[in-house]
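To start, the structure under review is shown below, and the notes come after it.
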There are 2 protein chains.
Amino acid sequence: MEADFDVGQRLRGVREMHSLSQRELAKRAGVTNGTISLIEQNRVSPSIGSLRKVLQGIPMALSDFFALDAVPRQKVFFAAEELLEIAGAGGISYQQVGRDLGERALQILHERYAPRSDTGKTLLRHESEEGGVVIRGQLEITVGDQRRLLGPGDAYYFDSRLPHRFRNPGDEECEVVSACTPPSF
Amino acid sequence: MEADFDVGQRLRGVREMHSLSQRELAKRAGVTNGTISLIEQNRVSPSIGSLRKVLQGIPMALSDFFALDAVPRQKVFFAAEELLEIAGAGGISYQQVGRDLGERALQILHERYAPRSDTGKTLLRHESEEGGVVIRGQLEITVGDQRRLLGPGDAYYFDSRLPHRFRNPGDEECEVVSACTPPSF
DNA sequence: TTCTATTGTTTAATATTTTAAACGATTAAT
DNA sequence: ATTAATCGTTTAAAATATTAAACAATAGAA
């Protein structure tokens, strides 16, 4: 069960996160400040109706409110050296943010393409979407029958089911940050 | 928001899915059958305490009970100038890859933080996950009770339901590429 | 039919939440 | 020090939820 789900503590936390006083929130929610005080002290167990009114003043959905305790505490920060190096063929380096891919909805990669490197003809991925931004150097991307040369600041986004290919045609290393959902490998 | 969330109808549905009579569920939950009848008819707005007791008899978590809402040839290439500038408060610039957010499962941003810029105290987002890589400069990130100063090549990843804040404490502009799924604004 | 068991509903009494207003504490300005 | 404003807390009264018990309807068995 949600062992120590503490409605009062959670409401107080949420309210304070939004820099609202009890009175301010009460006014927005259409309840009295006393109600909020009592709820936050767990001196009452609010009705669904009044809790919903209170959360509307934030605003926050009931589902999000009750899902807060389901948020696991996981590793958030990753030093550059901590990024997971993924098998990169011929001059291509993929550094992944986070190791435990199974848990995550998003795969974020810091990619580096050596001069003349190429991901190969084509590859089909699972059903997913991906995109990225070119940071440095040049990258030629082919998606379906479209081809384009991108430079720093340029970006792409496509459905991964389309055949695609990445190539660095220049003499300089190319650097890209990309994201894919759901993770594809 | 959960516009017309109907507690009674939802409870009745859940109960019937589990082939429980009102009395049977009441016994397991430690409430009276009348209570369940009144709730299912929406003649009362149950307290969190009693609704939790009722759901324990199923059993079902409150977060699951309230969680109804679901989470899902177009333009592929975007020149740097084509990226959509999103309202960035005080010295913060967001450039979004692609304009039609509704269609996409992924929001990718090229962000620039002016020296001393700050996203503000904290904000809670909807249920989603986000992460990014710092390209240039320094960025101080606070997530829940964790804080860290990230430099070029460093990265982050977290559940967006946690309160978070981004700040550029340095004298140099900070550049970040981030991704979020599903899009949050 | 008649009995028994089960179903969901209703109602008066009880328990709890919610309100409205007052209270004391804190901060900032004069 | 003294206002004035704002904060969170408290309390008696009002509003609402919950209980316990009775009610009505259905279904199956004797």
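Letters go in sequence order (proteins before strands), and every chain restarts at 1. Computed over heavy atoms, backbone and side chain alike; hydrogens, waters and symmetry mates excluded.
Under 4.0 angstrom from either OP1 or OP2 of D/dT18 there lies at least one side-chain N or O belonging to B/S47. Using a 4.0 Å cut-off, some side-chain N or O of A/Q22 falls inside it from OP1 or OP2 of D/dT9. Contact annotation: A/S21 reaches the phosphate of D/dC7 (side-chain N/O to OP1 or OP2, under 4.0 Å). Put simply, A/R15 has a side-chain N or O that comes within less than 4.0 Å of OP1 or OP2 on D/dG8. Proximity of B/R43 to the phosphate of D/dT16: no side-chain N or O atom is located under 4.0 Å from OP1 or OP2. When the side-chain nitrogen and oxygen atoms of A/T32 are compared with OP1 and OP2 of C/dT19, one or more of them lie within a distance under 4.0 Å.
Per the geometry, CD belonging to B/E24 stands 11 Å off P belonging to C/dG8, to the nearest Å. In this structure, CG of A/L51 is placed 9 Å from P of C/dT18, rounded to the nearest angstrom. Summarising the geometry, the separation between CD on B/Q41 and P on D/dT16 is reported as 18 Å, rounded to the nearest angstrom. Going from atom CD1 of A/I48 over to atom P of C/dT16 covers 18 Å, rounded to whole Å. Taking atom NZ of B/K53 as the reference point, atom C1' of D/dT18 lies 9 Å away to the nearest angstrom. As a whole-Å value, the separation of A/N42 CG from D/dT10 P is 13 Å. The CD atom of B/E40 sits 16 Å away from the P atom of D/dA17 (whole-angstrom rounding). Distance A/L11 CG to C/dT18 C1': 15 Å, rounded to the nearest Å.
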Working note: B/Q22 + B/I36, criterion side-chain contact (heavy atoms from CB on, under 4.5 Å); need CA distance, chi angles, decisive distance, verdict. CA-CA 6 Å; B/Q22 291 181 342; B/I36 292 181; 3.9 Å; yes
Take A/D154 and A/R148 through the test salt bridge (charged side-chain N to carboxylate O under 4.0 Å, His left out) and record every step on the way to the result. CA-CA 10 Å; A/D154 295 338; A/R148 177 93 158 254; over 6 Å; no
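Nearest nucleotide to the side chain of A/R23, out of D/dG8, C/dT18, D/dA22: D/dG8. Side-chain atoms of B/S37 lie closest to C/dT9 of the nucleotides C/dA20, D/dT9, C/dT9.
Partners of A/E175 under the side chain to side chain donor-acceptor pair (under 3.5 Å) rule, at least two apart in sequence or in another chain, are A/H110, A/R136.
Mapping A/L20 and B/I39 onto DNA chain D via the closest heavy atom, the residue that lands nearer the 5' end is A/L20. Summary of the strand contacts: A/R12 and B/V31 both lie near DNA chain D, and taking for each the nucleotide with the nearest heavy atom, the more 5' one is attributed to A/R12.
To the nearest 0.5 Å, atom CG of residue B/L139 and atom OG of residue B/S178 are 10.0 Å apart.
Base engagement by B/L38 is indicated by at least one non-hydrogen atom pair under 4.0 Å involving a base atom.
The base of C/dT7 lies outside donor-acceptor range of the side chain of B/N33, with no N or O pair under 3.5 Å.
When each of B/R10, B/Q9, B/R15 is tested with B/E40 by the rule side chain to side chain donor-acceptor pair (under 3.5 Å), just one qualifies, namely B/R15.
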